[in-house]
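What follows is a set of notes on a single structure, which appears directly below.
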Amino acid sequence: MTLRATIEALYIGRVETRWPERPPSAIGKTTTADRLELTTTGFRRDSQADLTVHGGPDKAVHHYASDHYADWRNELGRDDLRPGGFGENISTFGLTEDRLCIGDIFTLGTATVQISQGRQPCWKLSAHTGEERMAFLFQKSVRTGWYYRVLEPGHIQAGDEITLQERPCPEWSLKAVTEARLTRRIDRDAAEHLSQLPELADGWREAFDRIAKKAPAEDTRARLEGK
């Protein structure tokens with residue numbers, strides 16, 4: 001199938017201490033017209049504050065569909081919500097979670113990347129947007145965006161194309177897998193299969209393994225509320 005889009009903008013940020021008595025964050029990102037180097041752990045000039053939950057090989061780049069911002073503006077009555085506002089690195093029109101699959105491989109500028117997982121929103125998204133329920137609403141809507149692992153480093157600039165090259169897991173919709181991960185609503189056989197899917201990020205495979213074994217869930221409230 002042919003699936004491609006133009007990179008509308010790239011965003012990078014640095015670690016900042018923004019909220020009293022809360023950990024620092026690099027969620028506040030600004031657009032750049034520069035041609036950026038993409039390594040296996042992300043853009044050379046981008047930062048992550050807490051590498052235990054952000055960044056790393058399976059979450060090197062966060063891509064968010066600019067298509068969703070109109071919905072957020074309408075639903076929240078927030079005219080200020082614009083692409084780049086949720087801490088993403090890449091924005092495009094035409095690629096959304098329901099059109100993508102776990103494991104999709106794309107050329108991105110001169111780099112090659114693979115979808116590894118959806119985003120698990122946390123309290124920093126709510127703090128960053130000033131919308132108390134933003135992380136919860138992100139999760140409920142499954143309009144979370146997605147992460148890439150970098151298969152081949154390269155260089156990327158706004159205006160470059162992102163083009164689907166291969167779809168090894170057409171049966172695993174990105175939206176469906178993300179919803180299952182965030183809600184734990186999935187049958188045991190499917191969870192067990194996902195726990196062994198090599199294209200899926202290690203952390204998500206471990207999570208689906210726990211779901212298949214009916215192990216206790218992680219503390220979602222702590223992630224969403226920071227408590």
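Residue numbers run from 1 in the order of the sequence given.
One finds a salt bridge joining Arg143 and Glu75 here, because a Lys/Arg side-chain nitrogen approaches an Asp/Glu carboxylate oxygen to under 4.0 Å. Electrostatic pairing of Asp80 and Arg78 counts as a salt bridge here, judged by a charged N lying under 4.0 Å from a carboxylate O. Salt bridge annotation for Arg35-Asp160: present, with a cationic side-chain nitrogen under 4.0 angstrom from a carboxylate oxygen. Checked for salt-bridge contact, Arg45 and Asp34 meet the test: a charged N lies under 4.0 Å from a carboxylate O. Salt-bridge formation is detected for the pair Arg44/Glu37: a Lys NZ or Arg NE/NH1/NH2 atom is positioned less than 4.0 Å from an Asp or Glu carboxylate oxygen. Salt-bridge formation is detected for the pair Arg167/Asp104: a Lys NZ or Arg NE/NH1/NH2 atom is positioned less than 4.0 Å from an Asp or Glu carboxylate oxygen. No salt bridge links Asp209 with Arg205; every basic N to acidic carboxylate O contact stays at or beyond 4.0 Å. Salt-bridge formation is not detected for the pair Glu88/Arg82: no Lys NZ or Arg NE/NH1/NH2 atom is positioned less than 4.0 Å from an Asp or Glu carboxylate oxygen. Taking 4.0 Å as the cut-off between side-chain N and carboxylate O, Asp58 and Arg149 count as a salt-bridged pair.
Put simply, Ile115 and Leu197 are part of the same group of oily side chains (I, L, V, M, F, W, Y) that touch within less than 4.5 Å, one to the next. Follow the hydrophobic side-chain contacts under 4.5 Å out from Val150 and you reach Phe43 in the same cluster. In this structure, Ile156 is not a member of the same hydrophobic cluster as Phe93, with clusters built from ILVMFWY side-chain heavy atoms closer than 4.5 Å. Linking ILVMFWY residues whenever their side-chain heavy atoms come closer than 4.5 Å, directly or via other members, places Ile12 and Ile7 in the same cluster.
Using a 3.5 Å distance cut-off with no hydrogens or angles, the side chains of His63 and Thr92 do pair a donor with an acceptor. Under the 3.5 Å distance criterion, with hydrogens and angles disregarded, a donor-acceptor pair is assigned to the side chains of His68 and Glu97. In this structure, a donor-acceptor pair under 3.5 Å is present between the side chains of Gln139 and Arg223.
Put simply, OG on Ser47 and CZ on Arg14 are 9.5 Å apart, with the number rounded to the nearest 0.5 Å. Note that the CD atom of Glu166 and the CG atom of Leu151 stand 9.5 Å from one another [nearest 0.5 Å]. Between the CZ atom in Phe106 and the CZ atom in Arg4 there is a gap of 11.0 Å [rounded to 0.5 Å]. If you take OG on Ser141 and NZ on Lys175, they are separated by 8.5 Å, rounding to the nearest 0.5 Å. With values rounded to the nearest 0.5 angstrom, Arg119 atom CZ is found 8.0 Å from Thr144 atom OG1. Here OG1 of Thr220 is found 10.5 Å from CD of Glu225. Values are rounded to the nearest 0.5 Å.
The shortest distance between side-chain heavy atoms of Val15 and Pro24 falls below 4.5 Å. Taking the side chain as every heavy atom from C-beta outward, Leu38 and Val61 approach each other to under 4.5 Å. The shortest distance between side-chain heavy atoms of Thr129 and Phe86 falls below 4.5 Å. Between Lys213 and Glu192 the shortest side-chain heavy-atom distance does not fall below 4.5 Å. Counting heavy atoms from C-beta outward, Asn89 and Leu10 have side chains that stay 4.5 Å or more apart. Counting heavy atoms from C-beta on, the side chains of Ile211 and Ile186 come closer than 4.5 Å. Gln157 has its side chain out of reach of Leu36: every pair of non-hydrogen atoms, C-beta onward, lies at least 4.5 Å apart. For the pair Pro153/Thr40, a side-chain contact is recorded, criterion being any heavy-atom separation below 4.5 Å from C-beta on.
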ring-ring contact (aromatic ring centres under 6.0 Å, His included) for His193 and Trp172? Distances and angles first, verdict last. CA-CA 10 Å; His193 188 102; Trp172 294 113; 5.5 Å; yes
When you look at Thr41 and Gln48, which way does the side chain to side chain contact (heavy atoms under 4.5 Å, CB included) test go after all the steps? CA-CA 10 Å; Thr41 54; Gln48 294 88 27; over 6 Å; no
Apply side chain to side chain contact (heavy atoms under 4.5 Å, CB included) to the pair Leu81 and Leu76, showing each step before the final yes or no. CA-CA 9 Å; Leu81 294 177; Leu76 300 175; 4.0 Å; yes
Could you walk me through whether Tyr64 and Phe138 pass the ring-ring contact (aromatic ring centres under 6.0 Å, His included) test, one step at a time? CA-CA 12 Å; Tyr64 196 77; Phe138 228 61; 5.5 Å; yes
Walk me through it: do Gln165 and Thr107 pass the test side-chain hydrogen bond (donor to acceptor under 3.5 Å, both in side chains)? CA-CA 7 Å; Gln165 300 296 320; Thr107 53; 3.3 Å; yes
Evaluate the salt bridge (Lys or Arg N to Asp or Glu O under 4.0 Å) criterion for residues Glu16 and Lys124: first the C-alpha distance (whole Å), next the side-chain angles of each, then the deciding distance (0.1 Å), finally the verdict. CA-CA 12 Å; Glu16 300 175 295; Lys124 291 181 181 180; over 6 Å; no
Start with the C-alpha gap between Ser91 and Tyr11, add the side-chain angles, then the distance that decides, and say whether side chain to side chain contact (heavy atoms under 4.5 Å, CB included) holds. CA-CA 8 Å; Ser91 62; Tyr11 307 91; 3.3 Å; yes
Between Tyr147 and Trp204, is a ring-ring contact (aromatic ring centres under 6.0 Å, His included) present by the stated rule, with each step listed? CA-CA 12 Å; Tyr147 285 102; Trp204 278 34; 8.8 Å; no
Thr2 and Leu164: CA distance, side-chain angles, deciding distance, side chain to side chain contact (heavy atoms under 4.5 Å, CB included) verdict: CA-CA 7 Å; Thr2 301; Leu164 180 67; over 6 Å; no
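The two residues Gln117 and Ala201 make their nearest non-hydrogen contact at OE1-CB, 3.3 Å. Across all their heavy atoms, Ala222 and Trp123 have their closest contact at O-CD1, 4.3 Å. Scanning all heavy atoms of the two residues, the minimum distance from Leu3 to Arg99 falls at CD1-NH2, 3.1 Å. Contact record, Pro121 with Leu125: CB-CD2, 4.1 Å, taken as the closest heavy-atom pair. The heavy-atom pair separating Ser126 from Ala135 by the smallest distance is OG-N, 3.0 Å. Smallest separation of non-hydrogen atoms from Phe208 and Leu200: CD1-CD2, 3.8 Å.
Residue Glu132 qualifies as open at atom CD: its count of foreign heavy atoms under 6.0 Å is 12 or below.
Formation of a donor-acceptor pair under 3.5 Å by the Thr183 side chain with backbone atoms of Arg185 is found in this model. Between the side chain of Tyr69 and the main chain of Gly85, a donor-acceptor pair closer than 3.5 Å is present. Here the side chain of Thr110 pairs a donor or acceptor atom with the backbone of His155 at under 3.5 angstrom. Remark: the backbone N or O of Gly94 is paired with a side-chain donor or acceptor of Asp67 at under 3.5 angstrom. Side chain of Glu199 to backbone of Ser116: no donor-acceptor contact under 3.5 angstrom is found.
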